[in-house]
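After the structure tokens below, expect a handful of questions from me.
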Amino acid sequence: MICDFEYFSPKTLKEALGLLDQYKGDYKIIAGGQSLLIMMRQGLIKPRYLIDIKGLSELDYIKSDPQKGLRIGSLITHRAIEKSPVIKESFGILSEMEHKLASIQTRNWGSIGGNLCHGDPAGDPAPVLITLNGTLTLTSLKGERRILVEDFFLDYFETALEPGEMLTEIQIPPLPPHTGVAYTKFNVIENDMAIVGVGVSITLASINGHCKEVRIALANASPRPMRAKQAEEILRGKKITDDLLSQAGEIASQEADPISDIHASEEYRRELLKVLVRRVGEEALLRAKKS
Amino acid sequence: MNRKYSVIGKSHIRVDGYAKVTGQAKYTFDMVLPNMLYGKILRSPHPHARILNIDTSRAERKIGVKAVVTGKDTLGRKNGAWRRFPELCDEEILCREKVRYIGDPVAAVAAIDEEIAEEALDLIEVEYEILPAVFDPLEAMKEGAPKIHDHAERNINVTRRIEWGDVSEAFKDCDYVIEDQFHTSSQAHLCMETHCAVAHFGYDGKLTVWTSTQSNYYIQVLLADMLGLREGDVRVIKPPTGGGFGSKFELDSAQFCAALLSQKLRQPVKIVLTREEEFIATKRKTPMYYYVKVGAKKDGTLLAKEVRVVTEGGAYTAMGATALYLTGFYSSLPYRWPNYRYDGYRVYTNTAPTSALRGFGAPQAYFAGESMIDMLAEAMKMDPLDLRRKNAITPNYEVPGQAYIQSCGLKECYDAIEKHIKERGKLPPNRGIGIGNYGFMSGGIFNWFNTPYAFSAAMVKINIDGKVDLFTGACDTGQGSDTTLAMICAEELGVHLEDIRVHAEDTDLGPADLGSWGSRETLMNGNAVKMAAADAKRQLLEFACAKMKPNVVYDLDIKDHKIYMVDRPERYVSYFEIVQEAIRAKEGQTIIGRGHYTPHRKGMVSPAFGFGVQAVEVEVDPETGKVKLIEIVTAHDCGQVINSVAVIGQVEGATMLAAGGGFCEDQPIDNGKILNPSIGDYKVLRSLDMPKTVGIEVDTYEPEGPFGAKEAGEGLTSPTAGAMANAVYRAVGVRIKDLPITPEKVLRALKEKEKLKEKK
Amino acid sequence: MLIEGKFTMRAPIQKLWNFLLEPGTLASCIPGAEKVETVDDKTYECVVKQSVGPISVRFKFNVELKEVDPPRYVKAVGRGEDIGKMGTFTCDAIVRLNEISDEEVEVSYQTNVNIVGRLATFGERIMRAKAKSVGEEFTKNLQKRLKGEMA
Amino acid sequence: MRKELRLIVNGQPYELYVKPKSLLVEVLRNELGLTGTKRGCESSSCGICTVILNGMAVKSCSILALQADGAEITTVEGLAKGGKLHPLQKAFLDYGAYQCGFCTPGMLASAKAFLDENPRPTEIEIREAINGNICRCTGYNSIVRAIKAVADGEYKEEK
């Protein structure tokens, strides 16, 4: 059952930041609340102050620039990303990923920022943003700071957000030429939470050239969304072959630190990672060649 | 068959349809009564513990709390549906001395709102002495295992043997004998409306309970017994029920605690179980350990089958005793085994009690049985469909000492499925089609509930305007029995469906009926309704006869509001006219017809059986083990179809539930705790997972059923898991003997197979 | 949920045993232990704080040494609940000492932790994840303390 | 402390005072008496409480009522207009796209929001649209057929 709390719905970012500063330590921020309210209903989180930022139109934008890349306000809903023509055009992988995130109802109300701040290692947006080399802007009364998406997650449901800070924007740099990105999650029923998920981006030196840059990100494979850096290393600078991708899969599977739970054992998750890294890598490669 | 009906055999909008698609249907969940309180139930966090003390004083002092009850406030009686066997009535509902599973109720609170009631639960202090617990039935059967009930040695709750022929001798005559073991998982019913009840005990000493149930008669009798009331002082009303699937025909904690609290307070009390309670503390599907041995002659004649089953009973008997019997019986179907032996043990464990779930022991039996038939066919290098067809039950077959089967459309089902498989042609790699078949009862004959009433009864009342009130105790839980019964009534009486008003919700109004389980309503209640309608019709025809003065060789009948001479249909009088005249002539009394049905001389199990054959096509990803359901085609024999759209709904709905059980639904338990008590963690098929389904109805006529109809409800859940296992085997060559068939199990099996190959 | 593991220590078995049996040794190695109080020579009372992201719980429980077979085997049983009523906690822990040589002992442990209540409903996945990390930290702490003590 | 909440539900404006922790579904059911919308879980997983908010299907159990301040909401009670059933309701009746009926209000809300946005969908799009709604009775296929029938123009809106 939800505890009683004092409710604020600031109309401007400044007002919101002021409230965060004022109630440091005792507040929770609610955006779409699609994850938060589940925990509050179970009585697991009992904030004294609830700061509702859903109405901050300042953070509700998608801006795209061929030079600077993509900027997404943290309150943009999953569905808005899924349906945005600009995003479909330039970062199709984001729409693809959102399309399979939870249910339409959740996507309609839940925001990308809320999803990231929830810090669930099984979430889909984080690994995709990591493969896209995304950064986040965290804002407080003191000012702004930037952090790489891959550095944002500290542990299960723990992020780098300091008291008084709020995630305000997500930035994605423009994709270099000959870059392909793919993301797949494995689940038993469709559009469910990832048992494991794998995102790969590959940048080729030329259409059939060697791998100039590669990023591999894993979902639900460790206490936080993680980058499989050792697996990347095996591909970087080389001409990618099936064999090499299989090797990357093996390595990523060893790098990962998955748990056993009712949905899959640790061993099985590792098996899946091997297969998925290879498959998603193949897809990314194909896309890189086509781009 | 050329049978001309004017109402049945077509699709009709259901009688409850308009209310349901407009949101006007009022469920128990929606009910609010003046001065109503809200109840919550405190449940045991321990799988096995002695209650040393319960201190409710702090909870009672909380503002807004009106009453707290514990086992001490009860009469100390034990509840159970197997009332012929007192030792099997073993559930106190509010525990007095011991708790036996995580979720066992220990106290209940009534307060002015749900929130206060829930907060009050935290204020009740229960002192437990934790006892050693046992969770696996095989462990629980061992000497020295913790004893869960004093009366049950080695925790054995019920044993069953079914036997005919001489199995041991027969195996000696077999050319092929194989044996193997299987395990089936638990499954949650996941009714969308959780168990709930509103109870109002008046100052007149009479109790009214509105509840989401599959049998208002059972609830009436069981509540009366537990509270020490006369049955007639307990009125149970069933608003539309948001799903049952086997979980709502036993007295549950919501009903009992609400009634007990209301008895104390004389105020209405509402209890709605949370989804978590629904998962951990209502009954669930019975997990079973299966050992099967089958033998056949070279020519494909099945000679002998031996089955041993141990079921995980959970803490109480519930309806699990019936599941133990039925799974043993179904293990013999749908084949003509000359020699058969079944030994079943139901064992108490410190887990949530297991009971009926759509299929009632059949899906477990057919998973093991149909897997074995495919394995045997492979050993014999025989086509599995041919092996089945060769040995399948044919019409007018007697299952020795058990059942008399009259109609049986299995042959036509095999033909239809064979045609389908041929049409599919050669499949791409990693695809496979597996088959499974089944037979299932149309209502049970057994009366362990010990009712003195007929199993089903109905009353038909014809009013002055020709409108018909149909009173029955049948329980529509969504399957559409109200509509089916109204159609049967309309057909028999020669009126339109719109003329019928069904009153099936109230024990004060309708005659007793055992309720909606065991696929019994169409056949059993349908027979009672048909008889009642015929009784009313005969009364009308008496007056029509007087008016029409036909020659004695002419029969009269009614159709489409016309009372006519059967062989001279152009001579008729209006139904409405005769109704008015008849009522006048009867000194103003309405026409009342009565009907009842209890099966007689139909064996031990059921008066009639539905049959079917199912083909499941899957695609397996050999690298991840993921199984994708491609298509499920079911040819089935439900006798005469009453409402076509409802039958299609049954085929698809059953397939979904059964495929879920085969595919992903499971309730893993650790130290007695169900690990996935939320819909987020308990995975079910959703629209994207649901494969294409095709239902092919085979036309038969069941002499025992109303207009030739029989079951189309639960039997359809039976073949799927076995057919899936067979399909996976055909796709990638691994056999999964442990449900559900998860990707992880398939991959593990594939890897083991690879290892074996390497060794060779 | 079962947490198990083993490690070897360079120490005489008796010394190791004596230390292990000192009230509080085991409990104080539990990550987040805030309080360990001796009730009698076989029972002590602990308060342990744990958190996963924004959720934090404070378990108050009693640990009783149920079976003691010196210097090889001890079984401890813990029972308690979250102060905020978020869950009930039971735990059976077995620690075995196995002499490999005069100076080397293998310490193996097996803990069966069971949490029932709102916490458990929220997500078995997260509970398990947490248990894994708590288990690892516990081992680390125990090793560290033993090493310190045995040095 | 109760706070002011303005909603337009099924075309009717309401002015209410609610506790900040009230969920939208609680306000609809308990304050406005619109019990057509149900609740089925505590984990935001079943979709039974789906309503249409400013044209979008949302789970009313996962939204604080105050977050819907100023919104236009359609519940199952608002589908039929002027005594005439909505085409989806007619199709659900004919295709037997409900059994126990408990998930039906949410299912209809998902279907309506979806068809309003995508009037000519493919079958797979329909399945995606209702994937957040659990139905334990029908096996979904009849629901998909009903929605498809409406999309295919089999049912006309009666004026």
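Just so it is clear: chains get the letters A, B, ... in the order the sequence lines come, proteins before strands, and each one is counted from 1.
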| message | Does Lys10(B), at its NZ atom, have more than 12 non-hydrogen atoms belonging to other residues, nucleotides or ligands within less than 6.0 Å? | response |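 Counting other residues, nucleotides and ligands, NZ of Lys10(B) exceeds 12 neighbours.
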| query | If you take all heavy atoms of Gly680(B) and Ser45(D), which pair is closest and at what distance? | reply |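 For Gly680(B) versus Ser45(D), the nearest heavy atoms are N-OG, 3.3 Å.
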| query | Can you tell if the side chain of Arg136(D) reaches within under 4.5 Å of the side chain of Cys191(B), non-hydrogen atoms only? | reply |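 No, side chains not in contact.
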| query | Considering only heavy atoms, which portion of Tyr18(B) lies under 4.5 Å from any heavy atom of chain D: side chain, backbone, both, or neither? | reply |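 Both backbone and side chain.
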| Region of Ile134(D) in contact with chain B, defined by heavy-atom distances below 4.5 Å |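 Contact with chain B is through both the backbone and side chain of Ile134(D).
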| request: Sort out for me which of Thr194(B), Val651(B), Thr274(B), Thr477(B) touches chain D most, counting heavy-atom pairs under 4.5 Å. | output: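 It is Thr274(B).
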| message | Quick check on the interface: out of Thr655(B), Thr22(B), Val645(B), who has the most heavy-atom pairs with chain D under 4.5 Å? | response |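 Heavy-atom pair counts peak at Thr22(B).
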| said: So for Leu79(D), is it side chain, backbone, both, or neither that comes closer than 4.5 Å to the heavy atoms of chain B? | reply: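 No part of Leu79(D) comes within 4.5 Å of chain B.
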| message | Run the salt bridge (charged side-chain N to carboxylate O under 4.0 Å, His left out) test on Arg39(D) and Glu193(B) for me, step by step, so that the C-alpha distance in whole Å, both residues' side-chain angles and the decisive distance to 0.1 Å come before the verdict. | response | CA-CA 8 Å; Arg39(D) 290 182 79 167; Glu193(B) 181 185 35; over 6 Å; no
| request: May I ask you to test the Phe102(D)-Thr241(B) pair for a side-chain heavy-atom distance under 4.5 Å? | output: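 Result no, sub-4.5 Å side-chain heavy-atom pair not found.
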| task | Could you check if a side-chain atom of Ile124(D) sits within less than 4.5 angstrom of a side-chain atom of Leu688(B), using non-hydrogen atoms only? | result |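 A side-chain contact under 4.5 Å exists here.
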| query | What distance do Tyr95(D) atom OH and Ser11(B) atom OG have between them, rounded to the nearest 0.5 Å? | reply |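 The distance works out to 10.5 Å.
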| field | Separation between CE of Met690(B) and SG of Cys135(D), rounded to the nearest 0.5 Å | value |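 That separation rounds to 10.0 Å.
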| query | What pair of heavy atoms forms the shortest contact from Gly243(B) to Cys100(D), and how long is it? | reply |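 Result for this residue pair: N-CB, 3.3 Å.
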| Separation between CZ of Arg29(D) and CZ of Phe29(B), rounded to the nearest 0.5 Å |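 If we round to the nearest 0.5 Å, Arg29(D):CZ and Phe29(B):CZ are 4.5 Å apart.
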| field | Residue, of Glu123(D), Lys90(D), Glu77(D), Arg145(D), that accumulates the most heavy atom pairs under 4.5 Å with chain B | value |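 Going by pairs under 4.5 Å, I would pick Arg145(D).
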| side-chain contact (heavy atoms from CB on, under 4.5 Å) against Tyr14(D), all qualifying residues, sequence neighbours excluded |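 With neighbours one apart ignored, the set is Val9(D), Gln12(D), Leu16(D), Leu32(D).
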| said: Once rounded to the nearest 0.5 Å, what's the spacing between atom CD of Glu652(B) and atom CD of Gln99(D)? | reply: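 Between Glu652(B) CD and Gln99(D) CD, I get 9.0 Å after rounding to 0.5 Å.
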| request: Name the option with the most non-hydrogen atom pairs under 4.5 Å to chain B; the candidates are Ile48(D), Leu34(D), Thr138(D). | output: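 Of the options given, most contacts go to Thr138(D).
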| Looking at Glu128(D) and Arg686(B), does any basic side-chain N land under 4.0 Å from a carboxylate oxygen? |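 Salt bridge absent between Glu128(D) and Arg686(B).
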| Roughly how far, to the nearest 0.5 Å, is CZ of Phe92(D) from NZ of Lys20(B)? |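 Lys20(B) NZ to Phe92(D) CZ: 13.5 Å, rounded to 0.5 Å.
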| field | Portion of Tyr682(B) that has a non-hydrogen atom of chain D nearer than 4.5 angstrom | value |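 Answer is side chain: those atoms of Tyr682(B) sit under 4.5 Å from chain D.
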| said: Does any backbone or side-chain atom of Tyr140(D) lie under 4.5 Å from a heavy atom of chain B? Answer side chain, backbone, both or neither. | reply: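 It is the side chain, since no backbone atom gets that close.
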| Segment of Ser142(D) engaging chain B (4.5 angstrom heavy-atom cut-off) |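 Looking at Ser142(D), backbone and side chain both touch chain B.
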| task | Let me see the working for Lys38(D) and Tyr27(B) under side-chain contact (heavy atoms from CB on, under 4.5 Å), right down to the final yes or no. | result | CA-CA 10 Å; Lys38(D) 313 295 182 203; Tyr27(B) 296 77; 3.5 Å; yes
| Going from CG on Leu93(D) to NE2 on His12(B), what distance comes out if it is rounded to the nearest 0.5 angstrom? |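 Result: 14.0 Å between the selected atoms.
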| message | Heavy-atom cut-off 4.5 Å, strictly under: side chain, backbone, both or neither for Lys26(B) against chain D? | response |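 Contact with chain D is absent: no heavy atom of Lys26(B) under 4.5 Å.
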| Most contacts with chain D, counted as non-hydrogen pairs under 4.5 angstrom, among Gln650(B), Glu665(B), Glu278(B) |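 With the most close heavy-atom pairs to chain D, the winner is Glu665(B).
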| chain B contact via Asn133(D) - which portion, at a heavy-atom distance below 4.5 Å |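 Only the backbone of Asn133(D) comes within 4.5 Å of chain B.
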| Looking at Gln479(B), His189(B), Met656(B), Arg275(B), which makes the most heavy-atom pairs under 4.5 Å with chain D? |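 Most pairs with chain D among the choices: Arg275(B).
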| said: Using side-chain heavy atoms (C-beta onward) and a distance below 4.5 Å, is Ile679(B) in contact with Glu42(D)? | reply: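 Result no, sub-4.5 Å side-chain heavy-atom pair not found.
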